[in-house]
Amino acid sequence: VLILLVGYQIEPLLQAICAWQPEKVVLVLNEYYAKKEPGKEWGNFVAETILRMVQHRGASPPAIGQLVLQAASARPSA
């Protein structure tokens, strides 16, 4: 299992997947990205990109899961 923290640049993630060739990948995503893009949508794009890359290389595609972290809410001061 390869657990990846997903930011704005996915090239390092793709390189890690090529190097490690994991059977399972877990994408850890922010709740939102730039311009209020939902993390789930960004995760779907990243997952599709991973699958296309792996299939292009002729390798077996990994199972891909996603975990979206919610932003911490500000607590009112006492």
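Just so it is clear, the values below take in all heavy atoms, side chains as well, and ignore hydrogens, waters and symmetry mates.
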Of V6, L2, L5, which meets side chain to side chain contact (heavy atoms under 4.5 Å, CB included) against L13? V6
For L4, run the side chain to side chain contact (heavy atoms under 4.5 Å, CB included) check against I17, I10, V28 and tell me which one passes. I17
What do you reckon, is CD of E23 surrounded by more than 12 foreign heavy atoms closer than 6.0 Å? no
Is atom CD of Q9 surrounded by more than 12 heavy atoms (other residues, nucleotides or ligands) closer than 6.0 Å?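 It does not: Q9 CD has 12 such atoms or fewer within range.
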If you look at every heavy atom in L51 and P61, which pair is closest and at what distance?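 Where L51 meets P61 most closely, the heavy atoms are CD2-CB, 3.7 Å.
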So, do [X] and [Y] sit near enough that their side-chain heavy atoms are less than 4.5 Å apart?
X: T49; Y: R52; value: yes
X: C18; Y: M53; value: yes
X: K24; Y: I64; value: no
X: L29; Y: Q66; value: yes
X: L69; Y: N30; value: no
X: V54; Y: P62; value: yes
X: Q21; Y: R57; value: yes

Aromatic ring pairing Y33/W42, orientation class (parallel under 30°, perpendicular over 60°, tilted between):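 Tilted: the ring planes of Y33 and W42 meet at 30° to 60°.
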I50 CD1 to F45 CZ distance, which is reported to the nearest 0.5 Å: 10.0 Å
V46 with Y32, same ILVMFWY side-chain cluster at under 4.5 Å: no
